[in-house]
Amino acid sequence: MISNKIKEIKFGILSPDEIRKMSITAIVTGEVYDNDGVPIDGGVADRRLGAVEPREVCPTCGNTRDNCPGHFGHIELAKPVIHVSFVKYINMYLKTTCRVCGRLKISERERKRYLELLRGLQELELHHLIKRFHEYIRRKASAVNKCPHCGAEQYKIRLEKPHTFYEERGEGLVKLNPAEVRARLEKIPDEDVRLLGGDPVHARPEWMVLTVLPVPPRAVRPSILLETGIRSEDDLTHKLVDIIRVNNRLREHIESGAPSVIINDEWDLLQYHITTYFDNEVPGIPVAKHRSGKALKGIAQRLKGKEGRFRGNLRGKRVDFSSRTVISPDPNLSINEVGVPEMVAKVLTVPEKVTPWNIEEMRKLVINGPDKWPGANYVIKPDGRKISLKYVDRKAIAESLAPGYIVERHLRDGDIVLFNRQPSLHRISVMAHVVRVLPYKTFRLNLLVCPPYNADFDGDEMNLHVPQSEEARAEARLLMLVEKHILTPRYGGPIIGGLQDYISGAFLLTSKSTLLKREDVIDLLGVAGYRGELPEPAILKPEPYWTGKQLISLFLPKDFNYKRPAKIASATALKCIDEDCPHDSIVIVKKGVLLEGVLDKASIGREEPESLIHWLVKEYGEDLARLFMDHVFKMFLRFSEKHGFTMGYADLLLPRDAKEHIKQVIEEKKKEVYELIDKYYRGELEPSPGKTLEETLEDKIIEALSKSLLDKVGDAITPYFTLNNPVIIMARTGARGNPVNLTQMAALLAQQTISGRRITRGYLHRTLPHFKPKDLGPEARGFIAHGFVDGLTPIEMFFHAAAGREGLTDTAVRTSQSGYMQRRLINALQDLRVEYDGTVRLPTGEIVQFLYGEDGVDPMKSDHGKSVNVERVIQKVIGWRI
Amino acid sequence: MPSKKTKINILEHELVPKHEVLSPEEASKVLKRLNIKPTQLPWISIDDPIVRLIKAKPGDIIKITRKSPTAGESIAYRYVVVDTLHPKKKGGK
């Protein structure tokens with residue numbers, strides 16, 4: 001229900017009359033307190049400006065501090081002063097109007113026509129056009145150099161930032177003082193102001209030049225009492241005192257008829273103080289400082305920026321019922337749970353209404369009180385009185401409990417909360433989790449939800465918020481729960497899915513060579529929470545054995561069909577064309593039975609659209625997908641443990657002859673490079689198009705020493721590493737690492753680069769003093785001939801560190817830049833919305849897109865961006881036959 | 001600088017989608033379907049080369065049919081306006 005609706009907001013400029021009218025007193029003296037520390041009347045701390053001390057009664061309104069709204073005073077300026085914030089507009093008015101008669105420099109006939117036009121535009125409420133219309137008139141009028149009304153010659157107005165105006169007369173630049181500026185603005189007729197886009201009722205142009213300065217109430221600029229008993233005044237108060245002092249001095253000079261040089265100097269000083277009072281970051285003038293050298297805060301500084309009034313206090317506020325602590329992993333939680341420390345659970349509360357059905361339970365909670373979990377911290381009576389359970393007879397309160405009371409009980413298992421990690425760039429940076437109260441002091445979360453939050457456990461902290469109303473809780477459960485976000489609106493694939501150990505575990509479990517004894521099967525199905533009969537073993541004699549694929553099949557829906565190559569098939573050696581696959585690299589599920597293929601990143605991995613896990617979420621719902629991840633994924637980890645999956649130094653060792661071979665390959669490449677260098681010195685090198693000779697040489701050397709060399713060595717070492725090697729298992733299944741990493745560990749790191757070039761910086765003509773100047777050889781420019789297994793030479797290690805530094809600086813620069821870009825994008829796009837007719841519009845109804853995304857498809861509900869995936873539909877229905 | 005003789009017809013350029021001026025009846029149908037005033041459509045300047053070529057007048061509504069990576073083909077509309085902020089300088093015919 002809306003009782004009062006804001007229809008319109010009008011911003012205007014205070015007129016001198018208004019300032020005087022709202023002022024309770026003129027502020028005339030720069031003295032603030034007398035010798036006893038009592039505020040002086042007529043000073044900036046005048047008591048009539050409002051009560052600020054506790055129990056002080058305001059002499060103006062009779063209220064105490066809490067109810068006194070504060071009252072303005074004013075300062076009568078001895079000479080007018082320009083308000084810096086309006087300089088732009090003053091400049092516009094001066095340029096567009098006559099310097100003698102003050103009228104808009106447009107002929108009478110045209111002026112009439114334009115007025116007519118403006119009226120029409122306003123009636124039609126064509127706001128965009130009105131803006132352009134004013135802009136047009138301004139341009140037209142400022143180009144005129146002879147007044148069409150009085151015929152006076154016009155001079156060019158020049159603005160010297162921040163607030164000095166000059167006229168370019170024939171005899172040279174002539175300064176216009178604020179009084180002259182104000183006199184010109186006063187002459188502009190109301191109608192002409194309207195034509196220029198101004199509002200003569202609420203913002204007459206001459207009000208932009210101040211003759212009276214409002215003095216804000218004391219509550220706006222409170223003084224702080226230091227421990228030593230010394231009063232410390234607010235920056236604004238300091239500034240106001242400065243203004244009053246200069247103003248009084250200026251007045252005395254004028255009254256005593258001082259020479260105009262002195263008067264002008266004082267006038268400029270007054271202008272400076274008033275300018276810095278409004279905005280102390282105006283470019284072109286020195287910043288006003290404290291005695292300590294710290295810059296004073298002007299009024300603009302209070303409002304501006306991240307910690308300013310708007311972004312810091314109005315758009316961003318602190319909240320109750322929230323908590324923050326370090327996070328740590330717990331694979332035994334469900335993906336939609338969060339482990340909450342008991343300590344936190346005893347502080348965060350949920351208001352629960354007492355009913356005949358829960359009254360006994362509530363009584364128990366009240367008796368437990370605030371210190372014993374699960375208990376309660378407060379009881380709210382039907383009349384709204386809040387009783388703290390800390391210091392009262394809790395038994396009596398529990399007895400008096402009746403339906404209608406509200407108990408603020410501790411957080412319990414099963415409550416819904418919002419969980420968040422900054423930076424909140426995504427909607428999935430805030431998701432709803434179900435509470436699990438646990439011992440110790442960290443928030444616990446399932447590893448699978450790390451990617452959406454981009455969380456790790458190197459000391460990350462996360463925030464938790466407890467929704468307090470039934471509506472908020474319902475929304476959280478229905479819209480924000482983790483499983484509702486397994487599919488991302490970015491491209492309609494899963495962002496939550498298997499990673500790292502889960503993938504290598506899945507591969508090991510589903511490998512053909514894995515045969516499980518009865519105890520193993522029971523153990524694995526036990527951690528997966530399976531309740532039911534064991535399937536028939538795949539091998540009966542001499543002992544019953546089960547395969548890993550049989551265990552997976554127990555959890556797949558009985559009508560699920562799926563066929564897709566596994567990740568390991570991306571290696572040419574393990575690729576298969578059809579079902580008859582000796583490498584087991586095509587995953588085939590028919591009627592819910594995993595018949596063939598190993599599970600790896602391509603089937604259960606995150607950010608793998610059109611994978612097994614994606615179709616499970618899409619076709620059987622997020623609840624099944626969640627249960628699948630909670631139960632089956634646990635089996636992967638358990639099997640990884642049982643298998644003893646690990647990786648060590650020995651897994652990267654190469655036989656002696658392989659080492660020799662690699663050495664030879666490197667030597668060959670080096671020779672190639674030396675030949676190139678020789679060719680360059682002999683002048684036989686042909687420059688490539690658009691490059692200098694030196695650039696051509698560098699390009700060719702880098703080409704020889706990085707990619708082609710790494711590939712060659714990589715090919716040479718692959719025969720020594722098979723799918724039995726844990727490093728290869730991780731690389732091929734997509735769990736972690738890639739073949740290049742492997743080459744870099746086992747063989748060599750190859751050429752190090754900084755911004756795509758070989759390393760050249762350091763000393764004059766050389767990288768380090770160990771080399772001859774102008775040495776272009778591989779070693780002198782950052783080539784590393786060793787892998788991590790062999791160890792790097794000190795010089796190689798230095799180059800590696802230098803190149804590694806580039807990555808670090810890049811990330812630091814990128815995060816700040818993308819953060820700001822994000823802010824600008826959100827500010828630009830936040831009000832767009834998709835209407836029911838599928839159009840994308842602004843709140844005012846202007847159309848941005850005629851059909852959302854041009855096809856009207858919600859990517860989150862699409863099949864990887866498309867509205868229908870025909871292939872999948874066929875597979876789904878008759879996949880068991882083909 | 002291309003000489004005047006080698007001037008190309010932008011209507012035939014492959015990156016220029018199809019533009020057509022709607023008849024008043026069609027235009028009012030579109031406005032009714034979208035339930036909007038003409039000013040709530042995106043604007044296109046009368047000085048836009050394509051607008052000049054298809055001889056649209058201020059107040060006309062232009063229908064643009066273009067290829068779309070997501071939908072295959074998509075339809076958009078533009079409202080022709082006089083650009084007061086960036087008026088085309090009239091010079092040399």
Side-chain angles (χ1 to χ4, degrees), chain A residues 114 117-118 120-141 143 195 197 489-492 832-869, chain B residues 14-22 26-48 50-51 56-91:
Chain A
Y114 286 140
L117 213 66
L118 179 63
L121 287 173
Q122 271 164 347
E123 245 162 59
L124 291 168
E125 291 182 27
L126 303 173
H127 301 290
H128 294 88
L129 279 182
I130 292 174
K131 233 163 103 187
R132 286 166 170 230
F133 173 78
H134 291 312
E135 196 55 44
Y136 177 74
I137 290 183
R138 286 173 202 168
R139 274 172 187 235
K140 190 159 183 187
L195 277 176
R490 227 162 63 208
Y491 50 84
L832 296 186
R833 85 182 217 162
V834 181
E835 300 288 343
Y836 282 102
D837 63 357
T839 57
V840 180
R841 299 190 189 207
L842 298 177
T844 42
E846 275 95 350
I847 292 187
V848 175
Q849 245 176 33
F850 289 88
L851 188 58
Y852 172 69
E854 297 187 337
D855 57 359
V857 171
D858 176 354
M860 195 179 184
K861 289 168 187 151
S862 70
D863 272 348
H864 196 197
K866 292 273 174 295
S867 45
V868 203
N869 183 338
Chain B
E14 85 161 351
L15 291 178
V16 178
K18 191 170 134 202
H19 288 65
E20 9 174 18
V21 181
L22 291 187
E26 287 172 314
S28 72
K29 229 194 229 161
V30 169
L31 293 178
K32 203 165 173 200
R33 177 162 61 78
L34 295 167
N35 190 22
I36 50 167
K37 286 184 273 181
T39 51
Q40 288 174 308
L41 286 172
W43 296 355
I44 191 165
S45 166
I46 187 74
D47 299 323
D48 193 291
I50 194 87
V51 177
K57 289 175 292 299
D60 280 349
I61 288 171
I62 291 175
K63 177 180 174 184
I64 304 171
T65 314
R66 60 163 68 102
K67 275 186 243 150
S68 154
T70 53
E73 194 168 84
S74 84
I75 293 169
Y77 301 94
R78 295 287 121 103
Y79 180 53
V80 182
V81 295
V82 179
D83 197 342
T84 51
L85 274 194
H86 308 284
K88 208 53 179 211
K89 279 191 191 98
K90 283 268 158 77

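Everything quoted here is computed from the prediction, not taken from an experiment. Here is how names work: the chains are called A, B, and so on, in the same order as the sequence lines, proteins then strands, and each is numbered from 1.
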Interatomic spacing from CD in A:Glu846 to OH in B:Tyr79 - rounded to 0.5 Å = 12.5 Å

Could you look at A:Ser867 and say if it's the side chain, the backbone, both or neither that has a heavy atom under 4.5 Å from chain B?
-> neither

Does the side chain to side chain contact (heavy atoms under 4.5 Å, CB included) test come out yes or no for A:Ile847 and B:Ile36, once each step is laid out?
-> CA-CA 9 Å; A:Ile847 292 187; B:Ile36 50 167; 3.7 Å; yes

Heavy atoms, side chains only, cut-off 4.5 Å: are A:Phe850 and B:Leu41 in contact?
-> yes

Kindly compute the distance separating CG (B:Asn35) from CD (A:Glu835), expressed to the nearest 0.5 Å.
-> 10.0 Å

Give, for atom OG1 of A:Thr844 and atom CD of B:Gln40, the distance between the pair rounded to the nearest 0.5 Å.
-> 7.0 Å

Which atom of A:Glu854 lies closest to which atom of B:Ser68, heavy atoms considered | OE1-OG, 2.7 Å

Where A:Asp837 and B:Leu34 come nearest, the two heavy atoms and their spacing = OD2-O, 4.4 Å

